[in-house]
Amino acid sequence: MAEEPIIQIKNVHKRFGAVEALRGVSLDVYRGEVVVIIGPSGSGKSTLLRCINRLEEYDEGQIIVDGIPLDSAQNINAVRREVGMVFQSFNLFMHMTALENLILAQQVVRKRSRAEAQEIAYNLLVKVGIPEKANAYPIQLSGGQQQRVAIARALAMNPKIMLFDEPTSALDPEMIKEVLDVMLNLAQEGMTMVVVSHEMGFARAAANRALLMDGGLIIEEAAPDVLFTNPKHERTREFLSKVLH
Ligand code: ADP
Ligand code: MG
């Protein structure tokens, strides 16, 4: 591809005291690509995602997002506005309705009028399939519904990139699909996505590439079908034998 990658990660290292969470990670993600990251607990998956929008500061290497290097406060703020993130825990404001959760950041960060923010918020609740929950508080919603509100809230900022960190792993099994369906739609609309998830069905349906991380490194990268059925590396085989039943 001649086009410049929308995310460029170059030899990134991150230490927490004696722990080297990232030991030289390089990754290019192109516009519209969906990349799924798998790997054992503690392998650095969350740290890598958090470095992309600088929730975590890295020690070495470089990350460039949509042409903007993450190297000054001004640039970091600019990048954060373009990158949405969805976490395992939904992180909604519990004292606000679903709609209010979607309105707040639009007014603060995007400086939208309340009327405009409200219309966008409502349309996004339609998009994630729960317009009837606009006036419900998070406690009145199921986990799957809360996560869909969290996705809608991230989308309300018109991100160019969406990062998902184990978005379905806190959910009861019957709610996983409704969240993955929203993510699959987003992928099909052309959103650039980096997704930490062990949902192989989603990866096969939505991802261009799947990566295995272990020990702070990307060990192997391939099309999801190839990585899951015919991995090259022993560590990938070993990991898959634990998660594929
Ligand atoms: P994963 O998401 O793959 O489970 P993480 O990126 O959360 O892995 O963690 C990678 C390594 O960095 C682990 O050894 C973890 O204990 C360590 N780590 C992550 N965040 C912190 C932190 N804030 N302080 C200290 N150690 C951390
Ligand atoms: Mg993690």
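Read the numbers this way: they start at 1 and go in the same order the structure lists the ligands and their atoms. If you're wondering where the values come from, they're calculated on a predicted model, not measured in any experiment.
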message: Checking R112 against Q106: is there a side-chain donor and acceptor pair closer than 3.5 Å?
response: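 Yes, because at least one side-chain N or O of Q106 sits under 3.5 Å from a partner of the opposite role on R112.
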
Closest contact, heavy atoms only, M85 versus N53: SD-ND2, 3.8 Å

query: Would the F228 and H198 ring centres measure less than 6.0 Å apart?
result: no

task: For E57, look at atom CD and say whether over 12 heavy atoms of other residues, nucleotides or ligands are found less than 6.0 Å away.
output: no

query: Take atom CD in Q62; do more than 12 heavy atoms of anything else shown fall under 6.0 Å from it?
result: yes

Give one line per pair: atom of ligand 1, protein atom, distance. Only N/O to N/O under 3.5 Å.
{"from": "ligand 1", "atom 1": "2 (O)", "to": "S46", "atom 2": "N", "distance (Å)": "2.9"}
{"from": "ligand 1", "atom 1": "2 (O)", "to": "S46", "atom 2": "OG", "distance (Å)": "2.8"}
{"from": "ligand 1", "atom 1": "3 (O)", "to": "S43", "atom 2": "N", "distance (Å)": "3.1"}
{"from": "ligand 1", "atom 1": "3 (O)", "to": "S43", "atom 2": "OG", "distance (Å)": "3.3"}
{"from": "ligand 1", "atom 1": "3 (O)", "to": "G44", "atom 2": "N", "distance (Å)": "3.0"}
{"from": "ligand 1", "atom 1": "3 (O)", "to": "K45", "atom 2": "N", "distance (Å)": "2.9"}
{"from": "ligand 1", "atom 1": "3 (O)", "to": "K45", "atom 2": "NZ", "distance (Å)": "2.7"}
{"from": "ligand 1", "atom 1": "4 (O)", "to": "G42", "atom 2": "N", "distance (Å)": "2.7"}
{"from": "ligand 1", "atom 1": "6 (O)", "to": "T47", "atom 2": "N", "distance (Å)": "2.9"}
{"from": "ligand 1", "atom 1": "6 (O)", "to": "T47", "atom 2": "OG1", "distance (Å)": "2.5"}
{"from": "ligand 1", "atom 1": "8 (O)", "to": "G44", "atom 2": "N", "distance (Å)": "3.2"}

- prompt: Below 4.0 angstrom, N of the basic side chain to O of the carboxylate: do R209 and E221 qualify?
  reply: yes

Side-chain donor-acceptor distances from residues 161-168 under 3.5 Å, at least two apart:
{"from": "D165", "atom 1": "OD1", "to": "S46", "atom 2": "OG", "distance (Å)": "3.3"}
{"from": "D165", "atom 1": "OD2", "to": "S46", "atom 2": "OG", "distance (Å)": "2.6"}
{"from": "E166", "atom 1": "OE1", "to": "S169", "atom 2": "OG", "distance (Å)": "3.3"}

task: Write out all pairs satisfying side chain to side chain donor-acceptor pair (under 3.5 Å) with one or both partners inside residues 182-197, taking only residues at least two apart or from two chains.
output: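 Qualifying pairs: K127-E189.
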
- request: Could you please give the number of protein N/O/S atoms within less than 2.8 Å of the Mg ion (ligand 2)?
  value: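 Count of protein N, O, S atoms less than 2.8 Å from the Mg ion (ligand 2): 1.
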
message: As an exercise, state the distance from CG of N75 to CD1 of I63, rounded to the nearest 0.5 Å.
response: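 Between N75 CG and I63 CD1, I get 13.0 Å after rounding to 0.5 Å.
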
